[in-house]
Colleague: 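Can you keep this structure in mind? I'll have questions shortly.
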Protein chains: 2
Amino acid sequence: MKPTIKDIAAKTGFSIATVSRVLAEKRGSYSDKTRDRVLQVAKELGYRKNTLAMELVKKKTDVIAVIVNVTPTNFSNGIIDGIQERATALRQQVIILYAGNRNHVLQHQAIITALERSVSGILLMAIEPDEADLRLLTEAKTPFCFVSVNLADEQIKSVSSDNYQAAYQATEYLIAQGHRRIGLAGIDQYHTGSQRRSGYQAALKDNHIQGKAAWIQMGDYSYQAGQAAFKPYRQMAVTGVVAASDMTAAGLQKAAQINGLELPTALSVVSIDGTLICDIATPALTSITQNFTRIGIESVNCLVGENATQLVPVTLTERDSVMKHVE
Amino acid sequence: MKPTIKDIAAKTGFSIATVSRVLAEKRGSYSDKTRDRVLQVAKELGYRKNTLAMELVKKKTDVIAVIVNVTPTNFSNGIIDGIQERATALRQQVIILYAGNRNHVLQHQAIITALERSVSGILLMAIEPDEADLRLLTEAKTPFCFVSVNLADEQIKSVSSDNYQAAYQATEYLIAQGHRRIGLAGIDQYHTGSQRRSGYQAALKDNHIQGKAAWIQMGDYSYQAGQAAFKPYRQMAVTGVVAASDMTAAGLQKAAQINGLELPTALSVVSIDGTLICDIATPALTSITQNFTRIGIESVNCLVGENATQLVPVTLTERDSVMKHVE
DNA sequence: AAAGCTATTGTAAACGTTTACGTTAAGTGC
DNA sequence: GCACTTAACGTAAACGTTTACAATAGCTTT
């Protein structure tokens with residue numbers, strides 16, 4: 001059996017209280033001699049503390065649960081790096097729970113799991129909550145924060161890029177390059193997608209461009225969504241496209257190639273994400289670049305009550321997938 | 001305060017034992033009427049079980065810890081999907097602990113964390129253990145299994161692709177296409193890298209090709225490693241390269257483009273991984289494709305004692321980054 | 001020398017469950 | 001009507017910690 005503090009107490013002759021105090025480094029409540037003896041015996045026995053028991057009695061854990069929606073794109077790693085970095089600095093552990101992709105059952109289950117483990121905070125990444133999810137979260141007193149999704153509800157904390165601005169800037173950039181028939185590809189019907197659509201539409205409107213419904217090709221941020229959108233755009237003579245993700249942009253590019261065409265001559269594309277994919281693609285993809293690490297860091301700040309930036313700014317990174325358009 | 005079974009017991013008039021039995025669905029030890037009443041009150045109070053307390057008394061958890069080394073490449077998602085899939089089927093939860101990249105302190109710490117939580121099993125993904133890590137793992141009686149790393153030690157369980165075969169096949173393929181000056185780029189000095197080097201060298205030898213030391217460009221499987229390797233290969237007039245990862249292959253490709261050259265005319269490349277990166281790249285990258293999902297599934301099987309395939313086979317996927325070479 | 005303080009340690013309760021064992025009452029077979 | 005079984009429930013210990021409170025001894029202060 002695994003040794004416990006009882007074993008150490010028995011072997012040293014001290015009470016379990018003293019052993020516990022030494023092990024927890026409660027300074028000033030034990031002598032140096034006692035400490036040395038206890039630590040020595042602990043080492044001899046190969047003692048390892050039982051986190052479960054500790055957390056049970058302390059009624060708190062140092063664990064942040066990250067529930068992630070497996071969006072078919074690749075942004076999540078950067079965010080998790082940021083979370084990990086900030087959490088480590090705050091002496092918190094990070095556990096990650098996968099919730100499938102838009103899978104309501106798994107998603108709800110993951111929240112329950114996190115709550116049942118009495119984690120210190122819950123981060124919901126790219127998750128679109130339903131009524132039941134929100135009820136569950138608000139009823140528990142566990143702090144939570146949505147990441148990379150902005151629910152547009154003052155009551156509910158979230159950290160994400162400014163989706164409206166991201167799409168607005170991308171669209172304006174294409175307009176500045178002379179494009180007038182501009183698409184938006186790969187967005188979904190949820191919050192993130194809607195916000196990007198609003199930014200896109202606002203940019204069109206501000207520049208007196210009458211958009212068409214079909215210029216918006218819905219999807220799930222995936223590579224496949226990009227591939228599917230290419231042909232419609234060609235048929236509509238769209239010349240520039242804002243892609244909802246790097247994956248979607250890459251899909252558009254691939255579809256162009258399959259049709260013997262190339263970016264940016266066949267189509268100018270600016271992608272929203274700015275991951276390594278943009279560099280790997282040929283030609284490299286111009287992007288509205290999200291600061292994923294920052295989003296991760298801020299989301300942890302948000303959890304622990306520090307005032308965090310809820311809308312992280314994005315930046316334009318010019319690469320080679322956009323060309324000037326002349327009528 | 002969060003309601004507990006005591007509260008339910010008080011309100012229903014039953015003892016905590018009965019309440020516990022109902023909640024744990026210990027069939028045959030309570031009447032239907034009792035069950036209904038308990039469940040009703042539990043719902044009223046918003047009861048949620050305390051996993052910590054449960055695990056403490058049961059002395060077992062249904063949690064698999066995955067400790068992942070953040071290798072600067074992108075294979076991990078597929079494996080985690082597989083782990084998740086199999087774990088869910090076995091009613092196990094999955095928590096993921098990040099261990100940095102070749103960071104011995106973090107790595108050791110992560111193992112300790114997992115052990116202190118008395119998880120039911122530990123999966124070590126792309127981790128190279130040191131002496132202390134192995135001692136820790138073997139001394140604890142918690143099952144563990146290395147994933148995507150084969151320690152070449154019968155005693156230590158692991159599930160990975162057949163690295164030797166992967167590199168051997170990649171090399172043979174290039175030879176079959178007429179290449180004679182063949183490089184290996186991006187591997188590290190650890191187990192995975194060494195095994196791939198052996199496969200590569202064996203293929204050269206079996207085909208009576210005298211390799212040169214400089215044909216092997218070491219790295220860390222990263223994009224940058226690929227970029228750095230391009231120039232040396234050109235100078236050595238190497239015509240075909242086995243890339244240690246998709247990222248490395250993409251780096252080689254990018255470096256070629258920066259020099260105004262293209263794959264496969266400037267260099268034939270076959271990549272080991274076969275992720276979506278291979279499709280996104282232009283031209284698409286021929287690869288030795290790993291079955292990541294399968295690796296994930298088998299690693300969980302390995303943990304729970306089912307006899308699992310320890311060496312998962314790889315397959316060649318021909319795309320557009322290799323051309324025939326004629327002297 | 002009395003009183004007070006401090007450093008060190010011990011006692012025991014508490015955290016929220018599960019479960020071995022005991023008890024009761026009702027049912028069954030004869 | 002008796003012995004036996006069984007369904008349903010309760011009692012209490014256990015899991016491995018932390019910590020409030022108490023106790024002791026030695027020291028300081030006056």
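Each chain gets a letter, A, B and so on, in the order its sequence line appears, and its residues count up from 1.
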Colleague: Would you say B:Ser222 and B:Asp220 are linked by a side-chain donor-acceptor pair, where the criterion is simply a distance under 3.5 Å?
Modeller: yes

Colleague: Side chain to side chain donor-acceptor pair (under 3.5 Å) with B:Lys60: which residues, sequence neighbours excluded?
Modeller: B:Asp62

Colleague: Among residues two or more places apart or on two chains, list those pairs meeting side chain to side chain donor-acceptor pair (under 3.5 Å) that have a residue in residues 147-160 of chain A.
Modeller: none

Colleague: Separation of B:Arg27 atom CZ from D:dA7 atom C1', in whole Å?
Modeller: 16 Å

Colleague: Under 3.5 Å, which protein N or O atoms sit close to an N or O of nucleotides 9-13 of chain C? Give each pair with its distance.
Modeller:
{"from": "C:dT9", "atom 1": "OP1", "to": "A:Thr34", "atom 2": "OG1", "distance (Å)": "2.6"}
{"from": "C:dT9", "atom 1": "OP2", "to": "A:Ser31", "atom 2": "N", "distance (Å)": "3.2"}
{"from": "C:dT9", "atom 1": "OP2", "to": "A:Thr34", "atom 2": "OG1", "distance (Å)": "3.0"}
{"from": "C:dG10", "atom 1": "OP2", "to": "A:Ser15", "atom 2": "N", "distance (Å)": "2.7"}
{"from": "C:dG10", "atom 1": "OP2", "to": "A:Ser15", "atom 2": "OG", "distance (Å)": "3.0"}
{"from": "C:dG10", "atom 1": "OP2", "to": "A:Thr18", "atom 2": "OG1", "distance (Å)": "2.8"}
{"from": "C:dG10", "atom 1": "N7", "to": "A:Arg21", "atom 2": "NH2", "distance (Å)": "2.8"}
{"from": "C:dG10", "atom 1": "O6", "to": "A:Arg21", "atom 2": "NH1", "distance (Å)": "3.1"}
{"from": "C:dG10", "atom 1": "O6", "to": "A:Arg21", "atom 2": "NH2", "distance (Å)": "3.4"}

Colleague: Would you mind reading off the distance between B:Lys6 atom NZ and D:dT11 atom P, rounded to a whole angstrom?
Modeller: 14 Å

Colleague: Give the rounded distance in Å between these two atoms: CG of B:Asp32 and C1' of D:dA8.
Modeller: 12 Å

Colleague: Filter on side chain to side chain donor-acceptor pair (under 3.5 Å), then keep only pairs touching residues 115-143 of chain A, sequence neighbours left out; what's left?
Modeller: A:Gln92-A:Ser120, A:His104-A:Asp130, A:Gln107-A:Asp133, A:His108-A:Asp133, A:Arg117-B:Glu55, A:Arg117-B:Gln93, A:Glu128-A:His191

Colleague: With a 4.0 Å heavy-atom cut-off, tell me which residues in residues 50-60 of chain A come close to DNA chain C, sorted by residue number.
Modeller: A:Leu56, A:Val57, A:Lys59

Colleague: Rounded to the nearest 0.5 Å, what separates atom CG in A:Asp7 from atom OG1 in A:Thr4?
Modeller: 4.0 Å

Colleague: Once you round it to whole Å, what is the distance between C1' of C:dA7 and NZ of A:Lys33?
Modeller: 13 Å

Colleague: Looking at side-chain heavy atoms only, is the closest gap between A:Val300 and A:Val94 below 4.5 Å?
Modeller: no

Colleague: What is the distance from CD1 of A:Ile5 to P of D:dC15, rounded to the nearest Å?
Modeller: 12 Å

Colleague: Has A:Lys2 got more than 12 heavy atoms of other residues, nucleotides or ligands less than 6.0 Å from its NZ?
Modeller: yes

Colleague: In whole angstroms, how far is the C1' atom of D:dA7 from the CZ atom of B:Arg35?
Modeller: 15 Å

Colleague: Considering every strand and a 4.0 Å limit on heavy-atom distances, what is the contact class for A:Ser20: base, sugar-phosphate, or nothing?
Modeller: base

Colleague: For A:Arg35, give me all partners under salt bridge (Lys or Arg N to Asp or Glu O under 4.0 Å), at least two apart in sequence or on another chain.
Modeller: A:Asp32

Colleague: Send over the distance from A:Leu23 CG to D:dT17 P, rounded to a whole Å.
Modeller: 8 Å

Colleague: Quick check: do A:Leu52 and A:Leu56 have side-chain heavy atoms less than 4.5 Å from each other?
Modeller: no

Colleague: Roughly how many Å is it from CD in B:Glu25 to C1' in C:dT17, rounded to a whole number?
Modeller: 16 Å

Colleague: Of the nucleotides D:dT19, D:dT17, C:dG16, which has the atom closest to the A:Lys26 side chain?
Modeller: D:dT19

